[in-house]
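All remarks here apply to the structure that follows.
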Amino acid sequence: METLRILHTNDLHSHFENFPKIRRYLKRVQETAPEDQVLTFDAGDFMDRSHPLSDATEGQANIRLMNDFGYDAITIGNNEGISNPHEVLERLFDQAKFPVILSNLLEEDGQRPAWAHDHLFLTTKKGTRIALVGLTAAYPMTYGPNHWQVKMLGETMDRVMADIKGQYDLLILVTHIGVRMDKWLAQHYPEISLIVGGHSHTLLAKGIKERRTWITQTGKWGYYVGDIELALDDDHHLLSVKPHTIPTSSLPEEEGDEEEIAKLYDLGQQMLEKRKVAFLPEKFNQDKMAAVDVSLDAIADFAGTDLAMLSTGLFLTPFKSGVINQFDLQHALPHPMHVVRSTLLGRDLWRLVMEVEKNRHFLEHYPLVGMSFRGKIFGQVYYKGIKYDMLTRNVYVNGQLLDPAKEYEIAVLDHYVLIPFFPTLSIVGENKFLFPQFLREVVGDYLSKKYPIPKESDLIEESEEVGSSK
């Protein structure tokens, strides 16, 4: 008889406010559990560059903190694989004290990334052979422009199952593909005993069983920790699986937790504040529309288009006048979104504008969640280079009546391609995803060129002039 304990997390998204409690729980179980062995996994999206320290350190702070969690293996999510530039992901795990398992992501030349294992084999103290396989969400539309090859799940699993055949007693998958696809895997690969999942932010409080396979997931943001008890017979056959989830809120808080959490945020803020971006004139002071207008110009310039579209809900705060730094931009635009250059025939651009106008009042206060959005409501849509006549339903492009047969290019965001409100973009748009810069980096680069920071002597003179005029 053998007993195992599996601890797991997923979709932590840099919610460091839960890390002290999670760390203590994992360590306590790892050190004191009565089971024969404890294994600990993370199923991806552990970092989110909407936290200033994750952004400032390009995820290295996350790795340092996770090194204390005692993981036996992790996989990556789309926030690691897509939201990071290629070169950032290449060095993300340089200091990691845990292996990364990832079967379905390759370099452009087809080679396995140096930081990833296709699969791993573990042998327990009592001789049970465990095969570990990691999978991430297969998004070729966004992985491709970021210079990765992402493989489909069925293709990957067929290959891996052939490679590991006869070499394991227990097959465990650590996946960042969502519950729906986890169920698909369970239906098509009955050899899988357990899936430790993520991506869909689904709380499976006691797990679910799909045919012969148990599927577990802990929701999001470290609100819960997964804790699974397994029993095997002397021949290493699985007898039982008992998943549980522990609410992090139920775990005791200790002195120093709040100070640790605050220090992580403050450190990130301090690092970003040192990185000056631009010197904005007075018209930007707390004026959200000024921020929207210049951001429309920025994404159009970046995409090389005359037309652009943005929504006000993206702007969590307006910009300010004077020196603006990377923290200001990260605070205003925390979303890990990329610019897309979409080519549309005039008749399709007209349809896109009709979709916007039809949904305008609905979306103004719509509480949007997911698809890289880190705000609260979608907001109002504003255009660059496009005018809409509500009475005639005519669309004008740069002052001219739209030509239905002409091709137009418009700068939008990957967010607009992915959400369901503007299907024209995803169905007929010829979409070029522009990597690696985020929206806020695109805006920051444009601001730095248009409103460069004066020399220090000029700033001093301006300050003295303002003081003397009071």
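Each residue takes its place number in the sequence, starting with 1.
Of the possible polar contacts, none joining the Thr218 side chain to the Thr9 backbone as a donor-acceptor pair under 3.5 Å is found. Side chain of Thr40 to main chain of Tyr71: no donor-acceptor pair is present (N/O by atom type, distance under 3.5 Å, no hydrogens or angles). Here the side chain of Glu80 pairs a donor or acceptor atom with the backbone of Gly77 at under 3.5 angstrom. Under the 3.5 Å distance criterion, the side-chain polar atoms of His188 are matched with a main-chain donor or acceptor of Trp184. Looking at Arg341, its side chain never comes within 3.5 Å of a backbone N or O of Glu409 through a donor-acceptor pair. Panel note: side chain Asn325, backbone Val277; no donor-acceptor pair is recorded below 3.5 Å. A donor-acceptor pair under 3.5 Å is formed between the side chain of Arg112 and the backbone N or O of Leu102. The backbone N or O of His338 sits less than 3.5 Å from a side-chain atom of Asp414, completing a donor-acceptor pair. With hydrogens and angles disregarded, no donor-acceptor distance shorter than 3.5 Å links the side chain of Arg211 to the backbone of Ala186. Of the possible donor and acceptor atoms, none in the side chain of Asn146 sits under 3.5 Å from a partner among the backbone N and O of Pro436.
Around atom NZ of Lys288, more than 12 heavy atoms belonging to other residues, nucleotides or ligands sit under 6.0 Å away. Around atom CZ of Arg351, no more than 12 heavy atoms belonging to other residues, nucleotides or ligands sit under 6.0 Å away. Other residues, nucleotides and ligands contribute at most 12 non-hydrogen atoms within 6.0 Å of the CD atom of Glu258. Within a 6.0 Å sphere centred on CD of Glu357, other residues, nucleotides and ligands contribute more than 12 heavy atoms. The 12-atom threshold is exceeded at NE2 of His86, counting heavy atoms of other residues, nucleotides or ligands nearer than 6.0 Å.
Donor-acceptor pairing under 3.5 Å is lacking for the side chains of Asn18 and Thr248. Of the N and O atoms on the side chains of Thr424 and Glu355, at least one donor lies less than 3.5 Å from an acceptor on the other residue. Side-chain contact annotation: Gln326 with Gln330, donor-acceptor N/O pair under 3.5 Å absent. A donor atom on one side chain and an acceptor atom on the other are found under 3.5 Å apart for Asn78 and His199. A side-chain donor-acceptor contact under 3.5 Å links Asp182 and Thr175. A donor-acceptor contact under 3.5 angstrom links the side chains of His176 and Asp45, judged on distance only. Side-chain contact check for Gln149 and Glu108: no donor-acceptor pair (N or O, by modelled atom type) lies under 3.5 Å. The closest side-chain donor-acceptor pair between Asn62 and Ser14 falls under 3.5 angstrom.
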Before giving the answer on side chain to side chain donor-acceptor pair (under 3.5 Å), spell out for Trp148 and Glu107 the whole-Å C-alpha distance, their side-chain angles and the decisive distance to 0.1 Å.
-> CA-CA 5 Å; Trp148 297 107; Glu107 302 282 1; over 6 Å; no
Any chance you could lay out the ring-ring contact (aromatic ring centres under 6.0 Å, His included) test for Phe19 and Phe69, step after step, and finish with the verdict?
CA-CA 9 Å; Phe19 274 36; Phe69 285 12; 5.2 Å; yes
* To do: Please assess Leu307 against Leu349 for the test side chain to side chain contact (heavy atoms under 4.5 Å, CB included), listing each intermediate value before the final yes or no.
  => CA-CA 11 Å; Leu307 312 179; Leu349 179 61; 4.0 Å; yes
- [ ] Begin from the C-alpha positions of Ser342 and Glu430 and carry the test side chain to side chain donor-acceptor pair (under 3.5 Å) through to its verdict.
- [x] CA-CA 5 Å; Ser342 187; Glu430 184 181 322; over 6 Å; no
Stepwise side chain to side chain contact (heavy atoms under 4.5 Å, CB included) test for Ile410 and Ile386:
CA-CA 10 Å; Ile410 181 171; Ile386 294 174; 3.9 Å; yes
inquiry  = Go through it in stages, so that I can follow the logic: the residues are Asp48 and Lys220, the test is salt bridge (Lys or Arg N to Asp or Glu O under 4.0 Å), and I'd like the CA-CA distance, side-chain angles, deciding distance and then a yes or no.
reply    = CA-CA 12 Å; Asp48 193 316; Lys220 64 178 182 179; over 6 Å; no
For Arg91 and Glu87: C-alpha separation, side-chain torsions, deciding distance, then whether salt bridge (Lys or Arg N to Asp or Glu O under 4.0 Å) applies.
CA-CA 7 Å; Arg91 60 176 181 268; Glu87 61 271 18; 5.9 Å; no
- Quick one: do Phe41 and His8 satisfy ring-ring contact (aromatic ring centres under 6.0 Å, His included)? Show the steps, please. CA-CA 5 Å; Phe41 304 122; His8 59 103; 8.6 Å; no
Verdict with reasoning, Asp297 to Lys384, per salt bridge (Lys or Arg N to Asp or Glu O under 4.0 Å): CA-CA 7 Å; Asp297 290 340; Lys384 173 183 172 63; 3.0 Å; yes
Subject >> Worked verdict on Asn398 versus Tyr408 for side chain to side chain donor-acceptor pair (under 3.5 Å) >> reply: CA-CA 11 Å; Asn398 295 325; Tyr408 295 92; over 6 Å; no
Under the criterion side chain to side chain contact (heavy atoms under 4.5 Å, CB included), I'd like the reasoning laid out for Arg23 against Glu260: C-alpha separation, chi angles, the key distance, then a yes or no.
CA-CA 13 Å; Arg23 180 178 61 235; Glu260 176 185 350; 3.1 Å; yes
Quiz item: Would Ile76 and Phe93 satisfy side chain to side chain contact (heavy atoms under 4.5 Å, CB included), going step by step from the backbone distance to the final call?
Solution: CA-CA 11 Å; Ile76 71 165; Phe93 299 103; 3.8 Å; yes
Side chains of residues 221-228: which donor-acceptor pairs under 3.5 Å do they make with residues two or more places apart or in other chains?
residue, atom, partner, partner atom, Å
Asp227, OD1, Arg5, NE, 2.6
Asp227, OD2, Arg5, NE, 3.3
Asp227, OD2, Arg5, NH2, 3.0
Asp227, OD2, Tyr25, OH, 2.6

Which donor-acceptor pairs under 3.5 Å do side chains of residues 310-318 form with protein atoms, sequence neighbours excluded?
residue, atom, partner, partner atom, Å
Ser311, OG, Tyr416, OH, 2.7
Thr312, OG1, Gln380, N, 2.8

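The shortest heavy-atom contact between Tyr265 and His51 is CA-CE1, 3.8 Å. Among all heavy-atom pairs drawn from Val417 and Ser426, the shortest one is O-CB, 3.6 Å. For the residue pair Pro243 and Thr216, the shortest heavy atom distance occurs at CB-CG2, 3.8 Å. Met47 approaches Gly59 most closely through the heavy-atom pair CE-CA, 3.6 Å.
The residues Lys450 and Asp301 are annotated as not salt-bridged, no charged nitrogen and carboxylate oxygen being separated by less than 4.0 angstrom. Ion pair Asp328/Lys320 flagged as a salt bridge, since at least one NZ, NE, NH1 or NH2 atom sits closer than 4.0 Å to an Asp/Glu carboxylate oxygen.
Taking the six-membered ring wherever Trp is involved, the centroid distance between the rings of His335 and Phe373 falls below 6.0 Å. Not less than 6.0 angstrom separates the ring centroid of Phe378 from the ring centroid of Phe362. The ring of Tyr366 has its center closer than 6.0 angstrom to the ring center of Phe421.
Shown here are the salt bridge (charged side-chain N to carboxylate O under 4.0 Å, His left out) partners of Arg159, two or more places apart in sequence or in another chain: Asp118, Asp163.
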